[in-house]
Amino acid sequence: MSIRNGLGLAAKEHIASHQPITRLEGMLLYGVSNLSDVVSNLRKQGWVIKSRKVPFAKPLRRLKQDLTIEAPKNLPTREIMVTEYWLSE
């Protein structure tokens, strides 16, 4: 996905504001279907983007601030791990 379009640009601005982001947040908040392409492009431009595995519950908690979203009750949100990206200082 090109950062030139509005969706990639919105995700780039989110990362630039030093807020962490996951693929789930990229899709639901900005319509970015492949966040790893955005991150890869930013790294090629010289941005230092860090990543780590976090429980699914963490981005879900952040998303609940902006969206009405609930995980199924039987989904092990603390056991499922997702990759979180952020801009290094």
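- Listed by first then second residue, pairs satisfying side-chain hydrogen bond (donor to acceptor under 3.5 Å, both in side chains) with a partner in residues 50-62 read Glu25-Arg62, Arg52-Glu84, Lys53-Thr83, Arg62-Glu84, not counting sequence neighbours.
- Side-chain atoms of Trp47 and Lys12, non-hydrogen and from C-beta on, do get closer than 4.5 Å to each other.
- Nearest heavy atoms, Ser36 versus Asn34: OG-OD1, 2.5 Å.
- Note: Leu29 CG to Ile21 CD1 = 7.0 Å, rounded to the nearest 0.5 Å.
- Shown here are the side-chain hydrogen bond (donor to acceptor under 3.5 Å, both in side chains) partners of Gln19, two or more places apart in sequence or in another chain: Ser17.
- Both Phe56 and Ile69 sit in one connected hydrophobic cluster of ILVMFWY residues. Membership requires side-chain heavy atoms under 4.5 Å apart, directly or through other members.
- Listed by first and then second residue, the salt bridge (charged side-chain N to carboxylate O under 4.0 Å, His left out) pairs that reach into residues 65-74 are Lys64-Glu70, sequence neighbours excluded.
- Nearest heavy-atom pair, Pro20 versus Trp86, reported as atom, atom and distance to 0.1 Å: CA-CB, 4.1 Å.
- In terms of modelled atom types and a separation under 3.5 Å, the side chain of Arg43 and the main chain of Ile49 share a donor-acceptor contact.
- For the pair Pro55 and Glu79, the minimum side-chain heavy-atom distance is 4.5 Å or more.
- A pairwise comparison of heavy atoms in Ala71 and Leu60 identifies CB-CD2, 3.6 Å as the closest pair.
- Leu28 places a side-chain heavy atom less than 4.5 Å from the side chain of Leu24.
- Nearest heavy-atom pair across Pro59 and Val54 is CD-CG2, 4.3 Å.
- At a threshold of 4.5 Å between non-hydrogen side-chain atoms, the residues Val32 and Met27 do not count as touching.
- No donor-acceptor pair closer than 3.5 Å links the side chain of His14 to the backbone N or O of Leu9.
- The two atoms that bring Ala11 and Leu35 nearest to each other are CB-CD1, 4.3 Å, heavy atoms only.
- Met81 and Leu75 are members of different hydrophobic clusters when ILVMFWY side chains are connected at heavy-atom separations under 4.5 Å.
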